[in-house]
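Residue indices begin at 1 and follow the sequence shown.
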Amino acid sequence: MKHPWRTLGLLALVASCTPEMMSDTLGQYDQHMGTVQSEVTSHASLMSSAAAAEISAVEDAHLARMLGHMSAMRGDVRQMMSCGSTDGANMMGAMDNLERECRAHRSALAAVTEPAAMRAEEARHEQAMRGMMDAMRSHSGSMMSSSGGMCCGR
């Protein structure tokens with residue numbers, strides 16, 4: 001080799017520009033979905049034993065965690081959209097629905113004074129979230145199978 005440093009520099013440049021597969025981003029999105037599902041389940045369990053004085057603080061912390069997870073998921077969807085995914089708008093809409101449900105749940109619990117009503121709202125919320133997330137997981141699964149070798153720039 002006449003110029004080994006040029007060759008080494010070129011190899012370093014090529015290695016730093018390796019594309020990310022859309023399936024990697026979808027996998028990351030699905031991991032966030034699993035984390036959200038765990039949050040919903042653990043929150044419902046926590047609420048079943050929460051004292052009335054704790055409900056507001058527990059709900060505020062839950063909403064903050066959920067919004068953080070959804071923010072990460074939105075980043076994944078934006079990445080997939082940059083890869084050319086045409087399903088991004090549907091996925092963003094599904095996350096908007098999740099966020100609306102979380103905020104509506106928080107508002108509903110702020111108005112609840114009876115323990116039975118609180119448990120009923122928690123059960124309704126958990127079921128609504130499971131249904132929405134099952135639909136989102138199904139959608140991401142079909143995207144995974146259709147993504148093939150689609151690459152994204154970093």
To the closest 0.5 Å, what do you measure between [atom1] ([X]) and [atom2] ([Y])?
X: R130; Y: R137; atom1: CZ; atom2: CZ; value: 10.0 Å
X: M129; Y: R124; atom1: CE; atom2: CZ; value: 10.0 Å
X: L46; Y: E59; atom1: CG; atom2: CD; value: 9.0 Å
X: M47; Y: E126; atom1: CE; atom2: CD; value: 12.0 Å
X: M91; Y: R78; atom1: CE; atom2: CZ; value: 12.5 Å
X: M132; Y: D134; atom1: CE; atom2: CG; value: 11.0 Å

According to the interplanar angle, ranging from 0 to 90°, do the rings of H43 and H105 count as parallel (below 30°), tilted (30 to 60°) or perpendicular (above 60°)?
perpendicular
Quick test of your reading: applying salt bridge (charged side-chain N to carboxylate O under 4.0 Å, His left out), list the pairs with at least one residue in residues 45-57, sequence neighbours left out, ordered by first then second residue.
none
Side-chain ion pair, [X] and [Y], N-O less than 4.0 Å:
X: E101; Y: R106; result: no
X: E39; Y: R65; result: yes
X: R119; Y: E122; result: no

Which heavy-atom pair separates [X] from [Y] by the least distance, and what is that distance?
X: S45; Y: S48; answer: O-OG, 2.6 Å
X: H62; Y: V40; answer: CE1-CA, 4.4 Å
X: H32; Y: A72; answer: CE1-CB, 3.4 Å
X: M95; Y: M70; answer: O-SD, 3.9 Å
X: V77; Y: Y29; answer: CG2-CE1, 3.8 Å
X: H125; Y: C102; answer: CE1-CA, 4.1 Å

Would you kindly confirm whether [X] and [Y] end up in one hydrophobic cluster when ILVMFWY residues are joined by side chain heavy atoms under 4.5 Å apart?
X: L109; Y: L67; value: no
X: V58; Y: V36; value: no
X: L63; Y: M118; value: no
X: M133; Y: M92; value: yes

With distance as the sole test, does S42 use its side chain to make a donor-acceptor pair with the main-chain N or O of S38 at under 3.5 Å?
yes
Going by the side-chain hydrogen bond (donor to acceptor under 3.5 Å, both in side chains) test, name the single residue among H69, E99, Q79 that passes it with R74.
E99
Is there a side-chain contact (heavy atoms from CB on, under 4.5 Å) between L98 and M66 once you walk through the steps?
CA-CA 9 Å; L98 274 180; M66 290 296 289; 5.8 Å; no
